[in-house]
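What follows is a set of notes on a single structure, which appears directly below.
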Amino acid sequence: MKKIFVILIFLFLTPNLTFSSVIDSVFLKANTLYKEGNYQEALLLYDSLLNIGVVFGELLYNVGNASYKINKLGYSRYYYERALYFMPFDEDLITNLNFVLSNIPGDFGFGIPSVVERLQNFLKFSNWKFLFLFFSLLFLVLYVVKFWKYLKNKVTYDLVKSIFYVVLSFVCTFLFTVLNDESKNRYAIVAESVLTKNEPFESSVDLFTLHEGAKVISIQTDGEFVKIKLPDGKTGWVKGNSLLYM
């Protein structure tokens with residue numbers, strides 16, 4: 001509520017500005033606070049934008065930077081990887097994410113998302129997937145029309161038709177893979193450290209410790225507990241409030 005109130009103050013003090021202009025003003029003000037070393041205040045303004053549904057790559061990247069400055073490795077990793085959905089090949093972002101990962105003890109094999117994962121997320125969290133499908137189908141239609149007049153016999157016609165169906169199948173398979181990849185169950189540990197349990201209750205046996213910033217896979221929930229899995233096959237239960245969905 002406090003973060004939304006910040007936006008309302010900006011609207012009240014600048015009645016001649018459009019809502020888009022207010023968003024830009026808040027973002028620029030937050031950037032100024034960050035440059036001045038006021039990281040908590042900058043985060044307050046960045047979060048006020050996120051809380052009203054404003055999401056774009058530079059905003060998420062800056063939240064990751066500010067989170068790192070206040071030693072919140074879990075949140076820093078979380079926002080850097082979310083920024084990759086919008087800026088999958090940004091060199092500064094990838095460099096900063098790699099630096100954060102190097103400071104996370106026991107990351108258990110989850111490094112920076114692969115190029116394929118970054119492309120999947122970019123398509124999944126933007127409108128590019130629809131443009132990709134549209135232009136792929138348009139290309140196929142134009143291809144068939146262009147060469148239709150050159151068709152001399154049934155053999156040539158069958159060849160063109162076969163190519164059409166093969167490429168169409170490839171496009172559909174690619175989009176299905178993008179929209180159904182397994183990475184959707186991945187979470188970041190945002191608590192300073194978490195003891196995993198062998199069962200979903202407090203008095204159960206401790207198994208191993210997860211550090212802030214580690215990435216895990218969620219495989220089951222039971223009340224306030226989540227069963228997580230690591231790349232090496234280890235499993236355990238942790239409280240859901242120690243995780244953030246990636």
Side-chain angles (χ1 to χ4, degrees), residues 1-4 43 46-55 57 59-61 63-64 67-68 70-86 88 97 100-101 103-114 116-126 129 175-246:
M1 186 66 184
K2 182 179 178 182
K3 296 166 184 176
I4 297 176
L43 279 172
Y46 290 140
D47 286 345
S48 70
L49 297 178
L50 294 172
N51 287 343
I52 60 172
V54 178
V55 181
L59 172 59
L60 297 169
Y61 172 66
V63 176
S67 298
Y68 177 78
I70 61 173
N71 297 316
K72 295 291 185 181
L73 295 183
Y75 286 98
S76 183
R77 178 181 191 165
Y78 169 75
Y79 284 106
Y80 280 154
E81 292 205 17
R82 284 194 64 194
L84 281 175
Y85 298 167
F86 302 89
L97 177 54
V100 168
L101 296 184
N103 285 278
I104 298 173
D107 193 35
F108 301 104
F110 279 127
I112 191 170
S114 67
V116 172
E117 287 178 318
R118 279 179 264 160
L119 284 174
Q120 286 177 330
N121 288 324
F122 177 70
L123 290 171
K124 186 165 56 177
F125 288 90
S126 68
K129 58 179 177 290
L175 288 177
F176 178 81
T177 302
V178 164
L179 298 176
N180 293 277
D181 66 292
E182 295 181 353
S183 65
K184 61 186 178 182
N185 291 324
R186 293 185 180 180
Y187 289 74
I189 300 292
V190 292
E192 187 173 344
S193 64
V194 178
L195 272 175
T196 59
K197 304 283 186 175
N198 71 331
E199 293 180 285
F201 48 86
E202 289 285 0
S203 58
S204 58
V205 177
D206 295 338
L207 294 178
F208 51 89
T209 300
L210 292 172
H211 297 279
E212 182 180 9
K215 187 192 290 186
V216 298
I217 298 174
S218 167
I219 57 177
Q220 185 181 344
T221 58
D222 188 336
E224 63 177 343
F225 282 86
V226 177
K227 188 174 185 179
I228 56 93
K229 182 179 180 180
L230 303 178
D232 60 5
K234 290 181 181 177
T235 61
W237 292 88
V238 299
K239 283 193 173 181
N241 59 11
S242 63
L243 305 170
L244 264 184
Y245 176 62
M246 302 188 75

Q | Heavy-atom side-chain proximity of Leu50 to Tyr79 below 4.5 angstrom | A | yes
Q: Drop me the distance from Ile104's CD1 to Arg77's CZ, to the nearest 0.5 angstrom.
A: 5.0 Å
Q: Check Ala188 against Gly74 and note the closest heavy-atom contact, atom names and distance.
A: CB-O, 4.3 Å
Q. Would a 4.5 Å heavy-atom cut-off, applied to side chains only, mark Ile70 and Leu43 as touching?
A. yes
Q: Identify the heavy atoms of Ser204 and Asn198 that sit nearest to each other, and give their distance.
A: CB-OD1, 3.2 Å
Q: Give the minimum heavy-atom separation between Ser67 and Ser76, together with the two atoms involved.
A: CB-N, 3.7 Å
Q: Tell me, with the steps shown, if Val190 and Ser242 meet side chain to side chain contact (heavy atoms under 4.5 Å, CB included).
A: CA-CA 6 Å; Val190 292; Ser242 63; 5.6 Å; no
Q: Locate the shortest heavy-atom distance separating Val226 from Ser218; write the atom from each residue and the value.
A: CG1-OG, 3.4 Å
Q) Taking side chain as C-beta onward, heavy atoms only, is Asn103 less than 4.5 Å from Tyr68? A) yes
**Q.** Heavy-atom pair of closest approach, residues Leu207 and Gly236
**A.** CD1-CA, 4.0 Å
Q | Flag, side chain of Thr209 to backbone of Leu195, donor-acceptor distance under 3.5 Å | A | no
(Q) Can you confirm whether more than 12 heavy atoms, excluding those of Lys197, are under 6.0 Å from its NZ atom? (A) yes
Q) How long is the gap from CG on Leu73 to NE2 on His211, to the nearest 0.5 Å? A) 11.5 Å
Q) When rounded to the nearest 0.5 angstrom, what is the spacing between CG in Leu84 and CG in Leu97? A) 6.0 Å
Q: Applying side chain to side chain contact (heavy atoms under 4.5 Å, CB included), run through Phe86 and Val55 and close with a yes or a no.
A: CA-CA 9 Å; Phe86 302 89; Val55 181; 3.7 Å; yes
Q) CZ/Phe225 to CZ/Phe201 distance, rounded to the nearest 0.5 angstrom? A) 9.0 Å
(Q) Whether the side chain of Glu224 engages the backbone of Lys239 through a donor-acceptor N/O pair (distance < 3.5 Å, no angle test) should be reported. (A) no
Q. So is Lys215 actually on top of Tyr187's ring, under 6.0 Å and inside 45° of the axis?
A. no
**Q.** Nearest-0.5 Å distance that lies between atom CD in Glu192 and atom CG in Asn71
**A.** 9.5 Å
Q: Take Ile228 and Ile217, measure what side chain to side chain contact (heavy atoms under 4.5 Å, CB included) needs, and give me the verdict at the end.
A: CA-CA 5 Å; Ile228 56 93; Ile217 298 174; over 6 Å; no
Q | Whether over 12 other heavy atoms sit under 6.0 Å from Glu199 CD | A | yes
Q.
So, taking the atom named OH in Tyr78 and the one named CD1 in Ile189, what distance separates them when rounded to the nearest 0.5 Å?
A. 13.5 Å
Q. Taking Thr196 as the fixed residue, which of Thr235, Val216, Leu210, Leu230 is the one that meets the side chain to side chain contact (heavy atoms under 4.5 Å, CB included) rule?
A. Leu210
Q: Output, in order, the C-alpha distance, side-chain angles, deciding distance and verdict of side chain to side chain contact (heavy atoms under 4.5 Å, CB included) for Tyr46 and Leu60.
A: CA-CA 8 Å; Tyr46 290 140; Leu60 297 169; over 6 Å; no
